[in-house]
Number of protein chains: 2
Amino acid sequence: MARHPEKDRNPTRSRAAILDAAEHLFAERGFQATSLNDVGAVAGVSRGTPGYFFGSKADLYRAVLDRCFAEVGEAVRTGRARALTGSHTPHAILAGAVGDYFDFLAARPNFIRLIEREALSAGGLLNGAGHLSAGQEALAAIAAELGLDESPSGDAAHVLLSIIALCWFHLIHARTVAPAVGVVLQSAEDLDRRKRHVVNLVLYGLRGLSGNLTPTLTGSSSHD
Amino acid sequence: MARHPEKDRNPTRSRAAILDAAEHLFAERGFQATSLNDVGAVAGVSRGTPGYFFGSKADLYRAVLDRCFAEVGEAVRTGRARALTGSHTPHAILAGAVGDYFDFLAARPNFIRLIEREALSAGGLLNGAGHLSAGQEALAAIAAELGLDESPSGDAAHVLLSIIALCWFHLIHARTVAPAVGVVLQSAEDLDRRKRHVVNLVLYGLRGLSGNLTPTLTGSSSHD
DNA sequence: GCTAACTTGCTATTCGACAAGCAAGCCCTC
DNA sequence: GAGGGCTTGCTTGTCGAATAGCAAGTTAGC
């Protein structure tokens, strides 16, 4: 009898299980409210194992953030490469990109919750090259696509920030602000309706930019 | 010698000082990370006084939220009354309202941080009649102004949620997402530029709603 | 002097960090 | 090739610090 296979020693598996458990718990309860005891319990190891592999609780938190950013950065890069392969009008490209980003965030609740908590803590640990470079890539892409000013605090940056805000906010506030103003976000159809609203708002809102837009975008009046 | 005058007994003043300190600390560090010791220290009372006046830490937290919602609800109500006194075009009224809401949130960092933390905690304590009624009032106002569907998850609700998202997001993420995508939000001019972008985005974006808008809005092409 | 407004002492609990212990496999030597 | 020691993975014991809540004490003002 080869013992219980799940009790075999496997540091790779243990590290991953601890990271998974910590990511979930940190995202769900926050750093202060999760104990290493909880992390060990969810990961299926003892209370001391997280400390054994990651040193301190703060180090474990940093490891969680690092892995999260690495995964998201990779997803953004491949997603953008895929978006550029099709040859559509700028209008359709932008609509597709906004819709994809909307779905992308919706599929990663741990990620947005971790960043949201990071934003609320004065720490400012958000210097990871992963997220920053993804933002800069998106900025360059949107500036090129729409012929906008790419400089810091230029039009392209504000447009990008607004897109993120619109794709992000309802995920955090689905149980607070959204129902308070009469937006229900429970079924998949609810989310889809929200998505269509956001895409439309961005597409038409771009026509109100201070500068003139490229004629190919302002001239087209139909979408999809 | 009449002792130190600030050491006089004054329950009203003490309660208010404790609520102020707790609001600031809860907003800044969160519920778990603030101790009643800290609250007492900031409020200028001893470590036991918060418990004496408010019972438990959770009760103090609820009291902070209650007072915060009451204040914000009142501010929303008076602000809306003031906005309705002027007789401008729907275009200008909406632009003014969005800009006012933008400034309103920027002036209340404790409020948005508390709600943000509330949204991240699974609790769902956001059933206070104060915030809910304010949202419903705003919904009715925007639906009437633009001639939109006021039903749950209707156009008016989505427009309102988008306005809130655009006025809210950059305040939380001024040190995280905003700089990552190239938006600097430090000086007053930076904030004003963001405000003008948001107002323009909303005004022009409304023309892309699925249904038709009232001609008074869609017909006007100049703003301010 | 009596009550309300605090303060201080105490206790139980939690939690992070460290240290010690234990077991499983790998390598090295004979 | 086998036996023993050594490294690595992981658990458990323990300590010290922080903290919430209660209870007893203390003072101020009517």
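When reading the values below, keep in mind they use all heavy atoms of this one structure, side chains included, and skip hydrogens, waters and symmetry mates.
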(request) Using the salt bridge (charged side-chain N to carboxylate O under 4.0 Å, His left out) rule, collect all pairs that involve residues 96-110 of chain A, keeping only residues at least two apart or in two chains. (result)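 The answer is A/R82-A/D100, A/D103-A/K195.
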
(request) Give the nucleotide from the list D/dT12, D/dG9, C/dT7 with an atom nearest to the side chain of A/F53. (result)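 That would be D/dG9.
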
(message) I want to verify a distance call: between D/dT8, C/dT8, C/dA5, whose nearest atom is closest to the A/Y52 side chain?
(response)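 Nearest listed nucleotide: D/dT8.
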
(request) Establish, with yes or no, whether the OP1 or OP2 oxygen of D/dC10 is under 4.0 angstrom from a side-chain nitrogen or oxygen of A/S14. (result)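 For A/S14, the contact criterion (side-chain N or O under 4.0 Å from OP1 or OP2 of D/dC10) is met.
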
(request) Figure out the CZ/C1' separation between A/F54 and D/dC10, and round it to whole Å. (result)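 Rounded to the whole Å, the gap is 14 Å.
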
(request) Quickly work out the A/R15 CZ to D/dC10 P distance and round it to whole Å. (result)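 For the pair A/R15 CZ and D/dC10 P, the rounded distance is 11 Å.
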
Holding to salt bridge (Lys or Arg N to Asp or Glu O under 4.0 Å), I want the full list of residues that pass it with [X], two or more places apart in sequence or in another chain.
| X | value |
| --- | --- |
| A/R196 | A/D192 |
| A/D20 | A/R67 |
| A/D66 | none |

(request) If a protein heavy atom is under 4.0 Å from the base, mark B; if only from the sugar-phosphate, S; if neither, -; do that for nucleotides 9-18 of chain C going 5' to 3'. (result) BB----SSB-

Extract all donor-acceptor atom pairs below 3.5 Å that involve side chains of residues 51-59 of chain B and protein atoms in other chains or at least two apart in sequence.
residue: B/S56; atom: OG; partner: B/A58; partner atom: N; Å: 3.4
residue: B/S56; atom: OG; partner: B/D59; partner atom: N; Å: 3.2
residue: B/S56; atom: OG; partner: B/D59; partner atom: OD2; Å: 3.3
residue: B/K57; atom: NZ; partner: B/F31; partner atom: O; Å: 3.0
residue: B/K57; atom: NZ; partner: B/T34; partner atom: O; Å: 2.9
residue: B/D59; atom: OD1; partner: B/R62; partner atom: NH2; Å: 2.8

(request) Take the angle between the ring planes of B/Y61 and B/F26 and call it parallel below 30°, perpendicular above 60°, tilted in between. (result)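 Judged by the thresholds at 30° and 60°, the geometry between B/Y61 and B/F26 is perpendicular.
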
